[in-house]
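A quick write-up on the structure given underneath.
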Amino acid sequence: MFFNLKMSNFAHKNSNCAIPNIRMVSKTREKLIDVARQLFAHKGVENTTMNDIAAASDKGRRTIYTYFKNKREIYNAVIEKESEQIVYKLRSVADSNETPENKLRQFMYRRFETMAELTSRHDSTSSTIRSFFSRDFRRLDKIRKTVFNKEREIFKEILAEGIEEGIFDKNQSECLPALENFVFQGADYFVMNMNSEDEKTQFAESKKQIIDFIVNGIKLPSKR
């Protein structure tokens, strides 16, 4: 019994020690991902080496290989993190206390803004992340495909809520998810190629018009 008590105390102490270690591991991994993202944006994926990431993060090569087997794996982690951030923002809209109409408007607004934020975010060590994605649209497409299914499910949830509350027309709402990808994909492509202030203004105006057109188009006549 004494032995079991000692072993129990030992296990308890070690479990307490494990918590800070887990946090440290998570923090180190997140730092490596963030540093890699900035280097990919500044130099391109092809021109960034594991040594570059190690030097920029003040970590040794051994530390990096503890978390990632190769550059492809850390690149995938960057894509995954960006995708998770998009889904989190969209999910927060669906989980809010807003009306279904306001949820739909905010969902679409945030989704339109998502790619604009990805391609214009300023970092301390690189001007924008635009260069990261503009080098190869397949990378942008990988984020879109990673997000797509979760995004569509959230979109459907908001529409279903609006139908249930008698705000959205059922037939019109059920047709909308099929068009969603085309609307956002076209917007993403436009954002990726925006260079002038006029184009940014045009995007802002078009965004509002599209949202109004879609929301008003699926609302029941009595709710317009």
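This structure is a prediction, so every number in the text was calculated from the model and none was measured.
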Kindly indicate, with the supporting measurements, whether the criterion salt bridge (charged side-chain N to carboxylate O under 4.0 Å, His left out) is fulfilled by K43 and D52.
-> CA-CA 10 Å; K43 300 178 64 174; D52 293 332; 2.8 Å; yes
Rounded to the nearest 0.5 Å, the CD atom of E161 sits from the CD atom of E98 at a distance of 10.5 Å
Is K31 atom NZ crowded by more than 12 heavy atoms from other residues, nucleotides or ligands, each under 6.0 Å away?
-> yes
Mind running side-chain contact (heavy atoms from CB on, under 4.5 Å) on F155 and L90 for me, showing each step along the way?
-> CA-CA 9 Å; F155 193 59; L90 298 178; over 6 Å; no
Once you round to the nearest 0.5 Å, how far does CD1 of I158 lie from CD1 of I163?
-> 12.0 Å
What is the distance from atom NZ of K81 to atom CD1 of I79, rounded to the nearest 0.5 Å?
-> 12.5 Å
Do the side chains of E113 and F203 get nearer than 4.5 Å, heavy atoms only?
-> yes
Tell me whether I154 is reachable from V183 by hopping between hydrophobic residues (I, L, V, M, F, W, Y) whose side-chain heavy atoms are closer than 4.5 Å.
-> yes
Dump the intermediate steps for side-chain contact (heavy atoms from CB on, under 4.5 Å) on Y67 and I74, then the final yes or no.
-> CA-CA 9 Å; Y67 295 91; I74 195 169; over 6 Å; no
Side chains of D34 and Q38, donor plus acceptor under 3.5 Å = yes
Flag yes if V35 and V45 sit in one hydrophobic cluster, no otherwise; membership is Ile, Leu, Val, Met, Phe, Trp, Tyr, and two members link when side-chain heavy atoms are under 4.5 Å apart.
-> yes
Heavy-atom count around E165 CD within 6.0 Å, excluding the residue itself: above 12?
-> yes
Do the side chains of N70 and M50 get nearer than 4.5 Å, heavy atoms only?
-> no
Just wondering, do E101 and K223 contact through their side chains at under 4.5 Å, heavy atoms?
-> no
NZ of K71: more than 12 outside heavy atoms within 6.0 angstrom?
-> yes
Do you know the tightest heavy-atom contact between A56 and L39?
-> CB-CD1, 4.0 Å
Polar side chain donor-acceptor pair, D95 to S92, under 3.5 angstrom | no
Can you establish whether the number of heavy atoms outside K208 located under 6.0 Å from its atom NZ is more than 12?
-> no
Close side-chain approach of T48 and I53, heavy atoms under 4.5 Å | yes
Tell me whether L159 is reachable from Y109 by hopping between hydrophobic residues (I, L, V, M, F, W, Y) whose side-chain heavy atoms are closer than 4.5 Å.
-> yes
Rounded to the nearest 0.5 Å, how far apart are OH of Y65 and CD of E73?
-> 11.0 Å
Looking at R91, R152, K103, which hits side-chain hydrogen bond (donor to acceptor under 3.5 Å, both in side chains) with E157?
-> R91
In this structure, CG of N171 is separated from CD1 of I218 (nearest 0.5 Å) by 12.0 Å
Six-ring centre of F184, R111 cation under 6.0 angstrom, axis tolerance 45° = yes
For the pair D169 and K219, evaluate side-chain contact (heavy atoms from CB on, under 4.5 Å) and give the outcome as yes or no after the intermediate values.
-> CA-CA 6 Å; D169 179 271; K219 285 172 67 176; over 6 Å; no
Shortest non-hydrogen contact between P100 and G162, atoms and distance | CB-CA, 3.5 Å
Could you pull out the closest heavy-atom pair between Q172 and G217, with the gap in Å?
-> CG-O, 4.0 Å
Hey, what do you get for CD1 (I33) to CZ (F40), rounding to the nearest 0.5 Å?
-> 10.5 Å
Would you check, one step at a time, whether the test side-chain contact (heavy atoms from CB on, under 4.5 Å) holds for S83 with V87?
-> CA-CA 6 Å; S83 302; V87 172; 5.6 Å; no
Partner residues of I214 under the side chain to side chain contact (heavy atoms under 4.5 Å, CB included) criterion, sequence neighbours left out = M108, L176, I210
